[in-house]
Chemist: 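Take a look at this one; I'll ask things after.
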There are 2 protein chains.
Amino acid sequence: MSEFHANSSDPRITAPHIQAILSQHGYRLTGPRGWIVDQALQHDRPFTAEQLVAELRDHQDGRAAGIGRATVYRTLEILASVDVLSRVIQPNGSAAYVVEAPGHRHHLVCSSCGTTISFTACPVDTLVNTLTADTSFTIHDHLLEVFGTCPDCQEPADS
Amino acid sequence: MSEFHANSSDPRITAPHIQAILSQHGYRLTGPRGWIVDQALQHDRPFTAEQLVAELRDHQDGRAAGIGRATVYRTLEILASVDVLSRVIQPNGSAAYVVEAPGHRHHLVCSSCGTTISFTACPVDTLVNTLTADTSFTIHDHLLEVFGTCPDCQEPADS
DNA sequence: TCATTAGTTGAGACATTGTGTCAATTATCA
DNA sequence: TGATAATTGACACAATGTCTCAACTAATGA
Ligand SMILES: [Mn+2]
Ligand SMILES: [Mn+2]
Ligand SMILES: [Zn+2]
Ligand SMILES: [Zn+2]
């Protein structure tokens with residue numbers, strides 16, 4: 001029924017492909033964007049903007065080390081807007097990004113270790129119909145995250 | 001089917017009742033908490049912690065005016081934990097609180113004016129079963145907010 | 001009523017996560 | 001190769017919390 005994606009086992013998107021997507025959307029192909037994309041692709045789990053800033057600051061490539069913090073924030077926002085990255089709300093409420101296949105997705109996040117499972121099933125669809133009919137709101141968007149503990153982080157049940 | 005609650009038309013909880021709840025949960029009944037509860041009850045729509053801080057700073061009652069900012073944050077957190085307030089994610093991503101009837105609820109928020117409709121229908125319940133079976137996660141919690149435009153904020157359709 | 005004591009408070013420093021400005025730089029294209 | 005508009009980096013600034021700690025106080029029962 002549903003499609004589940006453990007992020008580490010997906011056929012990953014490539015840097016050149018992302019460059020093409022950016023270009024198609026009218027964004028320029030710049031050095032900083034390339035380094036940010038490369039660094040983002042290193043991750044198979046959610047990462048925060050500050051995390052990426054730190055990683056780039058300590059990059060082997062000296063040029064990448066000089067990237068401005070605002071540039072990272074701006075670029076991640078762009079990458080999310082063109083559906084290359086997806087924004088995930090962490091259990092603590094702060095934002096992170098994940099590389100994944102495009103499309104409408106939600107996430108199941110382990111509160112303990114951060115492991116993320118993305119899924120395409122969206123139970124909100126039918127709710128939206130009900131809400132629209134009953135409230136006359138025009139519904140534009142929704143936010144759904146599921147939190148739990150992954151198998152690896154669960155306590156052993158036996159002695 | 002679903003129960004909808006426009007916040008302004010609910011039979012409101014009273015301050016004494018809230019005091020009782022706090023007491024039942026082992027919290028002391030203090031002056032600052034009383035003033036914060038009173039101020040929270042003035043609202044029938046989501047309010048932020050900073051909003052309440054500002055309102056209390058300008059309170060007629062001089063004593064209330066001296067409340068510390070941290071105390072407001074701490075108390076709102078407590079009130080949410082005992083189900084007197086409910087935390088709502090605003091369209092901009094920041095947190096707010098609403099006074100409302102207890103129980104598991106989600107919110108439909110107008111991105112334009114902030115009007116909030118709470119509802120008890122939770123489409124995540126069945127999803128949780130699927131996710132549990134398919135991923136072996138132990139699911140603890142979820143976050144669901146729906147955003148849209150309320151009737152009052154919608155553009156007139158005719159000329 | 002009066003100590004005792006643990007919960008609570010206020011002040012303020014500090015942290016995190018962003019956003020806004022602006023001059024300098026640079027990718028893109030004619 | 002220029003012209004032009006997008007992009008960048010530095011940095012100030014803002015919003016939203018968190019943490020510490022000494023002072024205070026509600027609750028308890030002697
Ligand atoms: Mn959805
Ligand atoms: Mn729910
Ligand atoms: Zn885990
Ligand atoms: Zn509205």
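Values in this document were obtained by computation on a predicted structure and should not be read as measured data. In what follows, every heavy atom counts, from backbone to side chain, and hydrogens, waters and symmetry copies are set aside. Note on naming: letters A, B, ... go to the chains in the order of the sequence lines (proteins, then strands), and numbering restarts at 1 for each one.
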Chemist: To the nearest 0.5 Å, tell me how far B:Asp44 CG sits from B:Glu100 CD.
Modeler: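 Rounded to the nearest 0.5 Å, the CG-CD separation comes out at 12.0 Å.
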
Chemist: Check whether A:Arg69 reaches the backbone of A:Val53 with its side chain - one donor and one acceptor, N or O, closer than 3.5 Å.
Modeler: no

Chemist: Tell me the interatomic distance from B:Arg87, atom CZ, to D:dT16, atom P, rounded to whole angstroms.
Modeler: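 Nearest whole value for this atom pair: 13 Å.
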
Chemist: Taking side chain as C-beta onward, heavy atoms only, is A:Thr115 less than 4.5 Å from A:Asp152?
Modeler: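 A:Thr115 does not reach A:Asp152 side chain to side chain.
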
Chemist: Using whole Å, what does the distance between atom C1' of nucleotide C:dT25 and atom CZ of A:Arg74 come to?
Modeler: 13 Å

Chemist: Give the rounded distance in Å between these two atoms: CD1 of A:Ile89 and C1' of C:dG18.
Modeler: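 It is 14 Å, rounded to the nearest whole Å.
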
Chemist: Give a yes or no answer on whether the side chain of A:Ser23 reaches the backbone of A:Gln19 with a donor-acceptor pair at less than 3.5 Å.
Modeler: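 No; judged by distance alone, with no hydrogens or angles, the pair does not exist.
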
Chemist: For the pair A:Ile21 and A:His25, evaluate side chain to side chain contact (heavy atoms under 4.5 Å, CB included) and give the outcome as yes or no after the intermediate values.
Modeler: CA-CA 6 Å; A:Ile21 292 174; A:His25 285 262; 3.8 Å; yes

Chemist: Using a cut-off of 4.0 Å on non-hydrogen atoms, how would the nucleic acid contact of A:Ala49 be classed: base, sugar-phosphate, or nothing?
Modeler: nothing

Chemist: Could you state the atom-to-atom distance from OH of B:Tyr73 to P of C:dA11 in whole Å?
Modeler: 16 Å

Chemist: Expressed as a whole number of angstroms, how long is the span from A:Ile67:CD1 to C:dT26:P?
Modeler: 14 Å

Chemist: Is it true that a side-chain atom of A:Ser81 and a backbone atom of A:Ile78 form a donor plus acceptor pair closer than 3.5 Å?
Modeler: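 Yes: the side chain of A:Ser81 pairs with the backbone of A:Ile78.
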
Chemist: B:Ala70 has a side chain; which of D:dT16, C:dG12, C:dG18 sits nearest to it?
Modeler: C:dG12

Chemist: Tell me which residues in residues 14-36 of chain B lie within less than 4.0 Å of DNA chain C, going by non-hydrogen atoms.
Modeler: B:Tyr27, B:Arg28, B:Thr30, B:Pro32, B:Arg33

Chemist: Nearest to the B:Arg69 side chain among D:dT16, C:dT17, C:dT21, which nucleotide is it?
Modeler: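 Nearest to the side-chain atoms of B:Arg69, counting from C-beta on, is D:dT16.
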
